[in-house]
Colleague: 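Here it is: the structure, laid out below.
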Amino acid sequence: MKKAFIFDLDGVIVDTAKYHFLAWQKLANQLGIKFTHDHNEGLKGVSRVRSLDIILELGNVQASQEDKNKWLVQKNEEYLSYLVDMDESEILPGVLKVLEYLKSKNQFIALGSASKNARPILEKTNIMHFFDAIVDGNDVSNAKPDPEVFLRAAQLVGVSNENAIVFEDSVAGIQAANIANMISVGIGDATVLHEANYNFKDFTFIDEAFLSQLIG
């Protein structure tokens with residue numbers, strides 16, 4: 001039986017989190033708000049709209065919807081400017097090996113990401129061909145921990161929830177996978193992602209024996 005291996009994007013496949021941080025920090029500075037790496041951790045897996053609200057709350061800044069819309073566009077344009085020169089070197093260590101192994105075992109591979117820039121990132125890093133289904137921020141209306149993004153990914157490849165495995169680096173993403181009754185694999189700090197079924201510091205710690213066990 002084929003399983004569905006669903007990957008988040010930012011912080012799991014590529015480290016675009018650093019570019020989100022720089023773009024948000026530039027906007028926050030412009031608004032007179034101090035925005036640190038610690039603050040940025042709280043935005044993992046959070047939608048762009050909600051992220052802006054969190055930053056405005058940090059600085060106790062009130063804003064019209066018109067201003068918010070303008071800032072969201074500005075932030076995204078700043079973020080996209082960092083992606084122009086993106087290539088395979090941006091793929092996090094060990095990820096390609098895992099994708100290649102799963103593909104060799106004829107497993108379904110899907111993307112389940114809040115990013116609205118997922119497709120261009122997959123194209124720039126030359127890994128689009130690995131994915132049987134892509135669900136990103138353009139396809140869903142509910143942010144994690146709502147499991148919509150993962151449910152849709154599993155549905156697209158025709159696999160039941162209990163036969164889906166999710167790789168995530170955010171607490172909200174792990175919670176979404178658990179709510180969906182999928183197997184959750186935390187990538188990052190195990191003390192933060194303690195709700196996951198399995199935890200690995202990064203993909204270099206995931207071996208073929210573990211993947212084979214998941215495939216069953």
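All heavy atoms count here, side chains included; hydrogens, waters and symmetry mates do not. On a predicted model such as this, the values are computed, not experimentally measured, just so you know.
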Colleague: Run the salt-bridge test on Asp53 and Lys68 with the 4.0 Å N-O cut-off and return the result as yes or no.
Modeller: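 Salt bridge flag = yes for Lys68 with Asp53.
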
Colleague: Using the side chain to side chain contact (heavy atoms under 4.5 Å, CB included) rule, take Val95 and Val12 through it: C-alpha gap first, then chi angles, then the decisive distance, then the call.
Modeller: CA-CA 8 Å; Val95 171; Val12 173; 5.9 Å; no

Colleague: Does the side chain of Asp10 pick up a donor-acceptor pair with the side chain of Ser115 at under 3.5 Å?
Modeller: no

Colleague: Report yes or no: is the cationic atom of Lys103 (NZ for Lys, CZ for Arg) under 6.0 Å from the centre of the six-membered ring of Phe130, at an angle within 45° of the ring normal?
Modeller: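 No, a cation-pi geometry is absent between Lys103 and Phe130.
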
Colleague: Gln175 side chain to Pro145 main-chain N or O, any donor-acceptor pair under 3.5 Å?
Modeller: no

Colleague: Find the distance between CG (Leu122) and CG (Asp136) and round it off to the nearest 0.5 Å.
Modeller: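 Rounded to the nearest 0.5 Å, the CG-CG separation comes to 9.0 Å.
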
Colleague: Hey, could you give me the CE/CD1 distance between Met182 and Ile174, rounded to the nearest 0.5 Å?
Modeller: 12.5 Å

Colleague: Should Lys144 and Asp8 be marked as a salt bridge (Lys or Arg N to Asp or Glu O under 4.0 Å) after you check the CA-CA gap, both sets of side-chain angles, and the distance that decides it?
Modeller: CA-CA 11 Å; Lys144 303 166 189 173; Asp8 179 37; 3.2 Å; yes

Colleague: Would a distance-only check, ignoring hydrogens and angles, find a side-chain to backbone donor-acceptor pair under 3.5 Å from Thr16 to Tyr19?
Modeller: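 Such a contact is absent between Thr16 side chain and Tyr19 backbone.
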
Colleague: Counting only heavy atoms not in Lys26, do more than 12 sit closer than 6.0 Å to its NZ atom?
Modeller: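 No, the 6.0 Å shell around NZ holds no more than 12 heavy atoms from other groups.
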
Colleague: Tell me whether the count of non-hydrogen atoms from other residues, nucleotides or ligands lying under 6.0 Å of NE2 in His37 goes above 12.
Modeller: no

Colleague: Just to verify, what does Phe167 make a ring pair (Phe, Tyr, Trp, His ring centres under 6.0 Å) with, not counting sequence neighbours?
Modeller: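 With neighbours one apart ignored, the set is Phe7, Phe203.
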
Colleague: A side-chain contact here means heavy atoms from C-beta on lying under 4.5 Å apart; do Asp169 and Asp189 qualify?
Modeller: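 Side chain of Asp169 against side chain of Asp189, heavy atoms only: no contact under 4.5 Å found.
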
Colleague: So, His39 and Lys34: side-chain donor and acceptor under 3.5 Å apart, yes or no?
Modeller: no

Colleague: Would a distance-only check, ignoring hydrogens and angles, find a side-chain to backbone donor-acceptor pair under 3.5 Å from Ser47 to Ala143?
Modeller: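 It does not hold such a pair.
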
Colleague: Counting C-beta onward and ignoring hydrogens, is there a side-chain heavy-atom pair between Val98 and Leu96 closer than 4.5 Å?
Modeller: no

Colleague: Are Arg48 and Lys116 packed together at the side-chain level, in the sense that at least one heavy-atom pair is separated by less than 4.5 angstrom?
Modeller: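 Arg48 vs Lys116: side chains touch.
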
Colleague: Is the number of heavy atoms from other residues, nucleotides or ligands under 6.0 Å of Glu57 CD greater than 12?
Modeller: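 Buried by this count: over 12 neighbours within 6.0 Å.
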
Colleague: Roughly how far, to the nearest 0.5 Å, is the NZ atom of Lys97 from the CG atom of Leu99?
Modeller: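 Rounded to the nearest 0.5 Å, the CG-NZ separation comes out at 12.0 Å.
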
Colleague: Can you establish whether the number of heavy atoms outside Gln62 located under 6.0 Å from its atom CD is more than 12?
Modeller: no

Colleague: Give a yes-or-no answer on whether the side chains of Thr36 and Asp38 include a donor-acceptor pair shorter than 3.5 Å.
Modeller: no

Colleague: Nearest 0.5 Å, please: how far is CG in Asn117 from CD in Glu123?
Modeller: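 Going from the CD atom of Glu123 to the CG atom of Asn117 covers 11.5 Å.
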
Colleague: Fit a plane to each ring of Phe210 and Tyr198, take the angle between them on a 0 to 90° scale, and name the class: parallel (under 30°), tilted (30 to 60°) or perpendicular (over 60°).
Modeller: perpendicular

Colleague: Please find the pair of heavy atoms, one from Ser184 and one from Asn197, that lie closest to each other, and give the distance.
Modeller: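 It is N-OD1, 2.8 Å.
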
Colleague: Just by modelled atom types, is the Asp85 backbone N or O under 3.5 Å from a matching donor or acceptor in the Lys124 side chain?
Modeller: no

Colleague: Taking only residues two or more places apart in sequence, or in another chain, which ones meet Asp15 in a salt bridge (Lys or Arg N to Asp or Glu O under 4.0 Å)?
Modeller: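 In terms of salt bridge (Lys or Arg N to Asp or Glu O under 4.0 Å), with neighbours along the sequence ignored, Asp15 is linked to no residue.
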
Colleague: Any non-hydrogen side-chain atom of Leu92 less than 4.5 Å from a side-chain atom of Asp202?
Modeller: no

Colleague: For Leu27 and Ile55, what are the C-alpha separation, side-chain angles and deciding distance, and is it a side chain to side chain contact (heavy atoms under 4.5 Å, CB included)?
Modeller: CA-CA 9 Å; Leu27 178 63; Ile55 290 169; 6.0 Å; no

Colleague: Looking at Arg152 and Asp139, is any side-chain nitrogen of the basic one under 4.0 Å from a carboxylate oxygen of the acidic one?
Modeller: no

Colleague: Does the pair Glu168 and Ser170 meet the rule for a side-chain hydrogen bond (donor to acceptor under 3.5 Å, both in side chains), with working shown?
Modeller: CA-CA 6 Å; Glu168 259 287 354; Ser170 73; 3.1 Å; yes

Colleague: In terms of hydrophobic clusters joined by side-chain contacts under 4.5 Å, are Phe108 and Ile206 together?
Modeller: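 No.
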
Colleague: Please answer whether the main-chain N or O of Leu102 pairs with a side-chain N or O of Gln107 as donor and acceptor at a distance below 3.5 Å.
Modeller: no

Colleague: If you take all heavy atoms of Ala196 and Gly186, which pair is closest and at what distance?
Modeller: CB-N, 3.6 Å

Colleague: If hydrophobic clusters are built from ILVMFWY residues whose side chains come within less than 4.5 Å, do Ile121 and Leu22 share one?
Modeller: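 Ile121 clusters together with Leu22.
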
Colleague: Please report the closest heavy-atom contact between Trp24 and Ser51, naming both atoms and the distance.
Modeller: CZ2-CB, 3.5 Å

Colleague: Kindly say whether the aromatic ring centers of Phe205 and Phe200 come within a distance under 6.0 Å.
Modeller: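 Centroid distance Phe205-Phe200: not below 6.0 Å, so no.
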
Colleague: Could you walk me through whether Leu43 and His20 pass the side chain to side chain contact (heavy atoms under 4.5 Å, CB included) check?
Modeller: CA-CA 9 Å; Leu43 304 187; His20 283 295; over 6 Å; no

Colleague: What distance do Ile179 atom CD1 and Asp146 atom CG have between them, rounded to the nearest 0.5 Å?
Modeller: 7.5 Å

Colleague: Answer yes or no: is there a side-chain heavy-atom contact under 4.5 Å between Lys75 and Leu72?
Modeller: no

Colleague: Which pair of non-hydrogen atoms, one from Ala63 and one from Trp71, has the smallest distance, and what is that distance?
Modeller: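 In this case the closest contact between Ala63 and Trp71 is CB-CZ3, 3.5 Å.
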
Colleague: Answer whether the closest heavy-atom distance between the side chains of Ile13 and Thr125 falls below 4.5 Å.
Modeller: no

Colleague: Less than 4.5 Å apart, any side-chain heavy atom of Asp132 and any of Leu156?
Modeller: no

Colleague: Evaluate the criterion side chain to side chain contact (heavy atoms under 4.5 Å, CB included) for residue pair Asn106 and Lys2; output intermediate values, then yes/no.
Modeller: CA-CA 7 Å; Asn106 200 31; Lys2 289 173 79 165; 3.7 Å; yes

Colleague: At their closest point, which heavy atom of Ala118 faces which heavy atom of Leu9, and how far apart are they?
Modeller: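 Taking Ala118 first and Leu9 second, the nearest heavy atoms are CA-CD2, 3.7 Å.
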
Colleague: Supply the atom-to-atom distance Leu193 CG to Ile187 CD1, rounded to the nearest 0.5 angstrom.
Modeller: 8.5 Å

Colleague: Would a distance-only check, ignoring hydrogens and angles, find a side-chain to backbone donor-acceptor pair under 3.5 Å from Ser104 to Tyr101?
Modeller: yes

Colleague: Taking atom types as modelled, find out whether Asp87 and Asn126 have a side-chain donor-acceptor pair closer than 3.5 angstrom.
Modeller: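 Judged by distance alone, the side chains do not pair up.
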
Colleague: Testing the 3.5 Å rule here: is there a donor-acceptor pair between the side chains of Gln25 and Asn29?
Modeller: no

Colleague: Going by heavy atoms in the side chains, are Ile6 and Leu111 under 4.5 Å from each other?
Modeller: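 They are not in contact (no side-chain heavy atoms under 4.5 Å apart), so the answer is no.
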
Colleague: Going by side chain to side chain contact (heavy atoms under 4.5 Å, CB included), Leu151 matches just one of Asn142, Asn181, Asn161, Val135. Which one?
Modeller: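 Answer after filtering Asn142, Asn181, Asn161, Val135: Asn161.
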
Colleague: Start with the C-alpha gap between Glu208 and Lys105, add the side-chain angles, then the distance that decides, and say whether salt bridge (Lys or Arg N to Asp or Glu O under 4.0 Å) holds.
Modeller: CA-CA 11 Å; Glu208 290 182 0; Lys105 295 300 178 184; over 6 Å; no

Colleague: Check for me whether Lys3 meets the cation-pi criterion with Phe5, that is, NZ or CZ under 6.0 Å from the six-membered ring centre and within 45 degrees of the ring axis.
Modeller: no

Colleague: Closest approach of Ala110 and Ala153, non-hydrogen atoms and distance?
Modeller: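 Closest approach of Ala110 to Ala153: CB-CB, 4.0 Å.
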
Colleague: Decide whether Val185 and Val171 are clustered together by the hydrophobic rule: side chain heavy atoms of Ile, Leu, Val, Met, Phe, Trp, Tyr closer than 4.5 Å, transitively.
Modeller: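 Different hydrophobic clusters.
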
